[in-house]
Amino acid sequence: MNSNINKHIINEILDNTMKYIFFICSIFSVIVVFSICIFIFIYSIPIFKEVGFLNFVFGMNWSPSSKSFGIFPMIVGSVYITILSTILGGGFGFFTAVYISMFAPLKLKAILSQVIDLLAGIPSIVYGFFGMVILVPFLKNISPNNIGEGVLAGSIILAVMILPTITSITKYNLEAVYKYYYDGAIALGNTHSQAIFGVIVKAAKSGIFSAIVLGMGRAIGETMAVMMVAGNAPFIPKDLFSYFRTMTINIALEMGYATGIHRSALIATAFVLLIFILMINIILSLLKRNNLYFSFSLSSLFNKNKELRNDINNFSFKNIKMQVSTVKADILKYISIIASIIATLFLVFIVVFILVRGLPHINFNLLFEKSDNSHMTLLPAIVSTAMILFMSLIIAIPLGVFAAIYLVEYSKSKSKLISVIRIFTDSLSGIPSIVFGLFGMLVFSNLFGIGRSILAGSLTLVLIILPSIIRQTEETLLSIPSSLREGSLALGASKVRTIFKIVLPCGFSGIMTSVILSIGRIVGESAALIYTAGAVRYMPRGYLSSGSTFSVMMWMFSSEGLYINQTFATASILLTMVIFLNALLFFVNTKLKRDY
């Protein structure tokens, strides 16, 4: 009798202890977002005192040597390129999604969907390098002023980068609406094309708009790819072939040598960038509250979305005026076909071009020969990447999974606290990587005294991948039938034992999906690591020494100008990793689909 009582007490203590641990992990995102905002603002105060906030934001001249700090040209550059890339990427992404989801044969649809998912994972540094060696020379030949770099080059590269994301999310929205309204539209006398463009697209317009806004968030926060094709002059661009500089480029170019008020001005640039990102997040929050919006992820393709179903149920054919003529619908259909062909061929061309140019240059010497100041090889990148992957994942996976457990297993569905945690988790996922890099440099490298090291880079990457792990795991746990939990509890198992013995094993495939996506993000990251882990040529001696991952090493190769073949080879290795991870992700998601 006493043993049973003691066992019950121990289980109760364990349950309460784990509940508090889960809760602490769940509010970690809130703490991080507040910390980033506070630290970035504190380090921005000196420049605001020196020149004033309005003078800093609307000043037209950026010249650190003469103590002149005005970032309005960079704000204009960021807005220009974001709008242009969103128009290009959003347009092609929308029509590509329409063709894949509504018109493509089943076999072709499966192939194109896999291609789009694959291309969404390509590191930005690869896109930037492609733009530098192919797009810029091409634009230079057609430019009226013999300049290839500039607004047009940057917009095209960004459009290509955000196109897969917009396509995937739009495709999901269209397919979700299709099964509810297609038959009704056909019954009213519409053709297939009229039903698509007159009903399905209009019913899914809020979700499509959400996809475009998410693309804008990615565009305004991009650094490395744009920096390689922008020309990087701190002036307001006069035309599409003018050099320009964005806020993120401004930070990345000068932070390495900035001190004093100059350093504060660069950090204040990040603060202004955070304001822009906050505005985008507010728009997304309003969409989520009032319209069709969802947290997109690959695993969500296999889960039911309550918000989506509710919005669909509230949709009425009365809201749609059947005024899409047959001719107009057919024209839009052919535009979708042409857009999908152009987008797919362009994206595939990038992959094939990089692989054809790079694979022949991968050899034993490049991979395993000693690297030093006179001769760079990839051996330090292999070791550094492996070390950062291990440290980042071993910290982020427990944090993310435990946070998701609290959100699903211990929270009330309409709790305000849970809503706040989810909002901050989404906000954390939208912060540009260069801002994470600044925060990691200020806190981990400087405040904690770690310096530019693999450990500082790993801790920074934990913050970057954490939101993805939380949301992916949360969606997976929500999809697990409640009857499994109830059966376990009815047999006398404690809540914690039920979670670890029943719930988590059932959600293993979904958790693995988040891990695979996180690996892809870590391998492709560069901007956040340059100022935290460092950009060095030598082998790391441990976690407290500097190290360069594959993406950072590729940036170093391309910056030197003497290692073009090595740059192609490194890009090929990164693409090979993306292909492998995509295949692994497809396998895991196939298993997840079969299980649920």
Side-chain angles (χ1 to χ4, degrees), residues 58-63 68 70-93 122 124-163 166 212 215-216 218-254 269 273 276 338-339 342-343 345-347 349-350 353-354 357 432 434 527 555 558-561 564 567-568 571:
F58 295 105
M60 299 296 294
N61 185 37
W62 177 271
S63 179
S68 180
I71 64 168
F72 190 70
M74 278 72 84
I75 293 176
V76 173
S78 298
V79 173
Y80 271 7
I81 196 170
T82 299
I83 293 175
L84 288 175
S85 63
T86 302
I87 292 173
L88 287 172
F92 276 96
I122 295 178
S124 59
I125 191 75
V126 174
Y127 284 116
F129 179 65
F130 174 83
M132 186 177 70
V133 299
I134 295 295
L135 183 61
V136 168
F138 172 76
L139 293 177
K140 186 176 182 180
N141 291 330
I142 65 173
S143 169
N145 52 9
N146 200 34
I147 293 177
E149 298 91 346
V151 175
L152 183 58
S155 298
I156 292 174
I157 290 300
L158 269 185
V160 173
M161 288 178 59
I162 67 176
L163 187 149
I166 293 175
I212 293 174
M216 289 179 63
R218 169 96 189 262
I220 199 171
E222 180 53 43
T223 305
M224 305 306 293
V226 182
M227 187 167 65
M228 299 174 80
V229 299
N232 304 325
F235 308 112
I236 294 178
K238 298 178 181 179
D239 53 49
L240 294 177
F241 294 97
S242 296
Y243 294 150
F244 74 102
R245 183 184 293 189
T246 65
M247 289 182 282
T248 56
I249 293 174
N250 195 47
I251 299 168
L253 282 176
E254 301 185 9
T269 305
L273 180 61
F276 275 86
I338 294 171
I342 294 173
L345 288 179
F346 191 79
L347 290 167
F349 173 72
I350 294 175
F353 176 79
I354 295 293
R357 286 290 304 270
I434 190 70
W555 174 72
S558 63
S559 300
E560 291 286 335
I564 295 298
T567 308
F568 274 111

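These values consider heavy atoms only, across backbone and side chains, with no hydrogens, waters or symmetry-generated copies. Throughout, residue positions are numbered sequentially from 1 according to the sequence presented.
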Determine the minimum heavy-atom distance between [X] and [Y], stating which atoms define it.
X	Y	value
Ile162	Gly215	CG2-O, 3.6 Å
Thr246	Thr248	OG1-OG1, 3.0 Å
Ser85	Ser155	CB-O, 3.5 Å
Ile249	Arg245	CG2-CG, 3.8 Å
Ser68	Asn61	OG-ND2, 3.1 Å
Val229	Gly128	CG1-O, 4.0 Å

Start with the C-alpha gap between Lys238 and Phe244, add the side-chain angles, then the distance that decides, and say whether side-chain contact (heavy atoms from CB on, under 4.5 Å) holds.
CA-CA 9 Å; Lys238 298 178 181 179; Phe244 74 102; over 6 Å; no
Pairs meeting criterion side-chain hydrogen bond (donor to acceptor under 3.5 Å, both in side chains) with involvement of residues 133-147, two or more places apart
Ser143-Asn145
Tell me, do Ile157 and Glu222 make a side-chain contact under 4.5 Å, heavy atoms counted?
no
Does some side-chain heavy atom of Ile236 sit less than 4.5 Å from a side-chain heavy atom of Phe72?
yes
Could I get the full list of ring-ring contact (aromatic ring centres under 6.0 Å, His included) partners for Phe568, not counting sequence neighbours?
Phe129, Phe353
Asn232 CG to Leu253 CG distance, which is reported to the nearest 0.5 Å
5.0 Å
Would you sort out whether Val126 and Phe130 count as a side-chain contact (heavy atoms from CB on, under 4.5 Å), showing the intermediate values?
CA-CA 6 Å; Val126 174; Phe130 174 83; 5.7 Å; no
side-chain contact (heavy atoms from CB on, under 4.5 Å) against Tyr243, all qualifying residues, sequence neighbours excluded:
Ile147, Glu149, Ala233
Quick one: do Met228 and Tyr127 satisfy side-chain contact (heavy atoms from CB on, under 4.5 Å)? Show the steps, please.
CA-CA 9 Å; Met228 299 174 80; Tyr127 284 116; over 6 Å; no
